[in-house]
Amino acid sequence: MDLRNGLRPLGSTPAEFEQDLLSNLYYRRGTTVESASAQDAYETLALTVRDRLAARRARTAAAHYESNPRWVYYLSAEYLLGPQLEQNLLYSGTTDLAPAALKALGFSPEEVAALDVEPGLGNGGLGRLAACLLDALATLDIPAVGYGIRYDLGIFKQEFQNGEQVERPDDWAFQGDPWEFPAPDDWQTVGFYGFIGPEGWVPGEVVHGEPSHLLVPGYGTETVNIVRLWRARAAQASFDLRRFSAGQYAEAVQDAVRAENISKVLYPDDSTDMGRELRLKQQYFLVSCSLRDIVRRFRFRNSDWADFPAKTVIQLNDTHPTLAIPELMRLLVDEERLEWEQAWSLVRSTFAYTCHTLLPEALETWPVEMLGRLLPRHLEIIYKINAELLDEVRSRFPGDVSRVRRMSLIQEEPERRVRMANLAVTGTFAVNGVAELHSQLLTSTTFTDFAELWPDRFTNVTNGVSPRRFVRLANPGLSTLITSGLGSDAWLRDLSLLSGLAPLADDATFRSQWRAEKRRAKAALGLGDPGAMLDVMIKRFHEYKRQQLKLLHVITLYHRLRSNPGAFGVPRTVLFGGKAAPAYYAAKSIIRLINAVSATIAADPVSSGLLRVVFPANYNVTLAEKIIPAADLSEQISMAGKEASGTGNMKLALNGAITIGTLDGANVEIRDRVGADNFFLFGLDTPAAAALRASDYRPRSVYDADDELRAALDAILGGAFGGVGQDVAQSLLDRDEYLTLADYRSYVDKQDEVSAAWQDQEQWTRMSILNTANSGFFSADRTVADYLSRIWHATPVRPA
Ligand code: CGF
Ligand code: PLP
């Protein structure tokens, strides 16, 4: 079938690409080379590159329709997609064509590329994981759609004013987004509030969900999948002409504004329950639009509901989309008139749930009152699911009243709330954690009761990252070296091939080339001396991640430098990057203190050339892609038992940074793979940390017993850093919830080993190469393969 309907194919010569640029500039931007702005050039380039993926997209869609496959639907409130231009150039094979054509037309490729804005539709690891999984799904030719929300304002832009974090709105699509295909005719209607009448739920407010999609190309294959993002729109009738005519302009649009607020802003934290009605509305909005779209797609080729699970698996990315469970029940029972039992069995065979946390405060709950007011029918459904769940628990564990209370979907005290994680476990056939340790802890702590009731439901799928984005695009120099070392670039689709680099760790020429690449990446980053060790801690700010521990180490190094400059062995640039949730005061205090320490050290001539602390603002994917290739040391120092997995740790190891870390999250698996000799381990492990926290832990006695620690904390308390950070020090001394002081000595001593190891650059390079060589497991392709064999059971469909 000629899916182009006779349209001429797009060419792959420079002249043809140039012609297409000109044509898009002229017909789609309505301008000419003579008068085009850089923005015109950028958008034209984006369209020209996107056009080259469109034919692949059409063929993918046709192949999917033809084979009526099992679909993987990924429901996620967040996607941190990263910059689109460089990725789509690579995946469409136009990386070289595009700059040449731009130049030929008199545009600066660098200036044009700088206009590519990253859609920051996520907070951090969770959203970035979603993006990496979509990339791998397409690369493995799996029929898949990601569903999400097209927030007008993404994750805030971070600036520093007097060292303090200031948040600025991220109006990322202000100029429009040339990568998107709007699909307004696929809009959906979503109801909120109202009451339950004799005919069922009558919503009191109705909004429209309007989708658009971004292309998600696979690498080295023809498949192009999509991620479909919903934007809230007022139903047309909500403009009040009568009020407008009476001069009440604000009132005339108030309903429209309220409706459109639903997709206005991404909530700035994935680890705390914001407890806000608007967020609950967002969650239902996402779920309701997406499920109706999924049903619409099912109906293209199927008519029998009994086939739904065979054709559909829906992965819930954390609890944010859990309302999909009662929503599908409502669609099946109230709208499709299925029996409750049949509907429940379909639901239970369709959904799977990924849990991403171990922090109890990050397990979402919603006030019963709020949920019942916003979604009265869903609350009824949740109550019925709960009644059946508790009957099952009572019959399996007769007389165990406290178990019933713990497992209930409703928490009773101090306020009645719906426990979304319990609902997610109850309404799905598979629940996975995101690293081995995390999955074990889920069944032994967070979900013990559920694991005893349904042991087969729980499994692990260790996270992974896209080698295309985080090695090939982020680190082109190293990628070329790897390809020459392995004799082929097949590693980009099969990352286990990196193991072939291991023997090259013993090759002096290869080592010196490897070192040269690191230096080049450091020089390109432009932060500090490329000869100094680049020691990086890049991630969201959270007390459990313990940026404060790294900072105590920095202060200790500074004190040593001041007392004996001649003995300071290894020049270091310490780089912090990350945002704190706007309302998370403790995290913001740590940011402020880091900036103050950085300024103090920079102002002291004694540190010149030996110690620097840099903190570039607004850590995001764009910046991650610049920092990660340059890093020598990767700080993964969370309190053991708190970080579910981490993915930054994997990206850094893949790029040859050596980890200093605790036995937390995926660090455990990284260490197992790269080898204990190539990993700097320190600190309490999970059982020891839990035991210490359960005991009468007194951080003050640790402080009393350690001179260097005392000096560091005293310096902060005494105002040595511009009088900033006393609250940070005081909270460590008084509570130290995440055992920072308990791990301080072990950490600082291990850092001394790091410095000693750095002095032998040949040995360090060997370790660096072995980190890359042994990190192939952490490809998102392997993660998706694990999801496929353990949970999804979907098979590839390749476009003809
Ligand atoms: O998900 C996280 C991250 N904060 O986004 N959790 N959530 N929610 C975990 O804390 C990380 O450990 C994990 O790597 C990430 C993706 O699974
Ligand atoms: N934020 C951004 C922008 C990232 O690229 C990553 C990468 O993995 C993360 C957050 C997650 O970092 P970590 O796994 O260290 O928490």
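Note that these values count all heavy atoms, side chains included, but never hydrogens, waters or copies made by symmetry. In listed order, ligands and their atoms are each counted from 1. Computed from a prediction, not measured in an experiment: that's the story for all the values here. In this chain, residues are counted from 1 in sequence order.
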Quick note on ligand 1: atoms under 4.0 Å from a heavy atom of S645 include exactly 12 (O), 14 (O)

Just by distance, no angles: are the side chains of Y584 and H542 close enough, under 3.5 Å, to form a donor-acceptor pair? yes

Are any of the heavy atoms in G665 under 4.0 Å away from ligand 1? no

Would you say R276 has more than 12 foreign heavy atoms packed within less than 6.0 Å of its CZ? no

Between H356, K545, E78, flag the one that comes closest to atom 16 (C) of ligand 1 by a heavy atom. H356

Relative to the heavy atoms of A644, which atoms of ligand 1 are at a distance of less than 4.0 Å? 12 (O)

Is R671 reaching over with its side chain to a backbone N or O of A666, donor-acceptor style, under 3.5 angstrom? no

Do Q315 and Y353 have side-chain atoms, one donor and one acceptor, less than 3.5 Å apart? no

Between the candidates G646, A666, G125, G127, which shows the shortest non-hydrogen contact distance to atom 14 (O) of ligand 1? G646

Is there a donor in the side chain of K579 and an acceptor in the side chain of N620, or the other way round, less than 3.5 Å apart? no

Partner of I594 by side-chain contact (heavy atoms from CB on, under 4.5 Å), out of I590, I591, V597: I590

Going by atom types alone, do Q636 and T662 pair a side-chain donor with an acceptor below 3.5 Å? no

Please list all pairs meeting ring-ring contact (aromatic ring centres under 6.0 Å, His included) that have one or both residues in residues 615-665, counting only residues at least two apart or in different chains. F160-F615, F541-F615

Residues passing the salt bridge (charged side-chain N to carboxylate O under 4.0 Å, His left out) test with R693, sequence neighbours excluded, are none

Contact between ligand 1 and T357 is defined here as a heavy atom of the residue under 4.0 Å from a ligand atom; is it met? no

Answer side chain, backbone, both or neither: which part of T354 comes under 4.0 Å from ligand 1, heavy atoms only. neither

Can you name the atoms of ligand 1, numbered from 1 with element, that are less than 4.0 Å from a heavy atom of E643? 9 (C), 10 (O), 11 (C), 12 (O)

Distance only, no hydrogens: is a donor on one side chain within 3.5 Å (strictly under) of an acceptor on the other, for T459 and N432? no

For D318, atoms of ligand 1 separated by under 4.0 Å from a heavy atom: 8 (N)

For F174, give me all partners under ring pair (Phe, Tyr, Trp, His ring centres under 6.0 Å), at least two apart in sequence or on another chain. none

For Y544, the atoms of ligand 1 under 4.0 Å from one of its heavy atoms are 10 (O)

Taking distance alone, with N or O pairs closer than 3.5 Å, would you say V434 contacts ligand 1? no

Would you mind writing out a table of all protein N or O atoms found under 3.5 Å from any N or O atom of ligand 2, naming both atoms and giving the distance to 0.1 Å?
| unit_1 | atom_1 | unit_2 | atom_2 | d |
| --- | --- | --- | --- | --- |
| ligand 2 | 8 (O) | T647 | OG1 | 2.9 |
| ligand 2 | 8 (O) | G648 | N | 3.2 |
| ligand 2 | 8 (O) | K651 | NZ | 2.6 |
| ligand 2 | 14 (O) | T647 | N | 2.7 |
| ligand 2 | 14 (O) | G648 | N | 2.9 |
| ligand 2 | 15 (O) | K539 | NZ | 2.8 |
| ligand 2 | 16 (O) | K545 | NZ | 2.8 |

